[in-house]
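Remember, it's 1-based here, ligands and their atoms both numbered in the order they're listed.
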Amino acid sequence: MTGNGDKQAQAKTVRLGAPADTSFRGRDILSVKQFSRTDLERIFLVARNMRTAVETVGSIDLLKGRLLTAAFYEPSTRTSSSFQAAMKRLGGEVIALSGMAYSSVAKGETLEDTMRTLEAYSDVLVLRHPEKGSAARAARVTRCPVINAGDGPGEHPTQALLDMFTIEQELGRFDGIRVAMVGDLRYGRTVHSLSRLLTHFDVTLDLVSPELLRMPAHIVQELRDAGMTVNETADLESVLPHADVLYCTRVQKERFEDPSDYAKVKGAYIFDPDVMGRAKADAVLMHPFPRVDEITPAVDSDPRAAYFRQIEYGLYVRMALLAMVLGQA
Ligand code: NCD
């Protein structure tokens with residue numbers, strides 16, 4: 001959006017709501033395990049204010065003069081572009097590195113050396129990498145905040161935060177709801193992160209997957225240890241009538257060791273208007289995207305289909321996180 005005098009004047013008066021609180025300043029965002037319920041509430045508060053700011057003035061100057069470097073070693077559309085959009089709407093600058101295969105990585109440079117190099121130019125680093133634990137490795141050798149944008153089959157904390165924000169915006173509550181996660185719960189990192197964040201609330205979780213793609217047992221245990229009621233099933237029909245949130249995922253083809261296993265489970269669950277006809281009238285259908293064939297385009301016009309709104313909420317959450325780790329909100 002273009003800025004003019006009026007808009008800029010207005011921008012200065014946009015209140016970010018929460019009083020300046022330095023508790024996030026300089027922090028890495030590596031895993032959802034680092035967040036308390038109070039942290040979540042604070043992030044949502046700032047994200048709601050970011051939404052108001054974008055809707056009223058388009059962008060603000062909160063991070064003017066700051067530089068974000070985004071290094072993506074795996075494909076990305078939404079995570080990469082929303083971090084860039086978030087930084088720019090906060091008045092900051094971005095170096096976006098995709099296709100890391102063409103960087104010095106091709107000459108054998110270690111992740112640690114690449115990250116220390118990028119840190120020399122940047123105030124905050126965003127990393128997506130195929131290895132679990134890669135973001136934590138980067139954080140160990142750098143002083144500026146590192147944000148995990150997906151570490152292989154490990155975690156995707158910022159996606160989980162935007163998923164939580166989506167539930168908050170769409171349903172207005174967490175306590176007492178029933179969430180069904182459907183699809184590839186084994187390799188899908190978004191569900192690994194989101195399920196953990198939901199333990200901060202009184203949520204019943206239904207895990208729906210083929211046997212081969214069940215949620216790792218240690219995560220299910222972790223959820224139960226946290227007091228959550230967790231049911232595992234392969235039968236989508238049995239959860240459809242009760243689910244307040246239907247969180248659908250893609251089968252993660254690229255993470256299968258044996259391609260014949262992928263053939264066995266692809267297309268296991270498909271949401272079409274017929275399936276949606278058996279879901280609750282006020283259910284929220286979410287998907288982190290990209291979708292392959294899990295939700296047919298005919299569902300897109302269903303008001304319960306929240307996945308495009310979910311993408312937009314991601315912008316506000318990432319704006320909030322950047323402002324917070326850089327000590328400006
Ligand atoms: C997800 C991811 O990369 O984990 N995409 C995203 O960030 N929105 C989901 C996926 O790839 O299936």
Quiz prompt | Electrostatic pair Glu112-Arg137, nearest N-O below 4.0 angstrom | solution = yes
Self-check item: ligand 1: protein residues within heavy-atom distance under 4.0 Å
Solution: Thr79, Arg128, His156, Gln159, Arg189, Thr190, Arg250, Gln252, Pro288, Phe289, Pro290
Quiz prompt | Connected-component partners of Tyr262 among ILVMFWY, side-chain separation under 4.5 Å | solution = Tyr187, Leu212, Leu213, Val251, Phe256, Val265
Quiz item: Which residue pairs pass the ring pair (Phe, Tyr, Trp, His ring centres under 6.0 Å) test when at least one of the two sits in residues 51-95, sequence neighbours left out?
Solution: Tyr73-His129
Exercise. Could you tell me whether Arg189 and Glu74 make a salt bridge, using a distance below 4.0 angstrom between a side-chain N and a carboxylate O?
Key: yes
Exercise. Answer yes when Asp261 and Lys264 have at least one side-chain N-carboxylate O distance shorter than 4.0 Å, and no when they do not.
Key: yes
Quiz item: Which pairs pass salt bridge (Lys or Arg N to Asp or Glu O under 4.0 Å) with one or both residues in residues 207-219, sequence neighbours excluded?
Solution: Glu211-Arg214, Arg214-Glu232
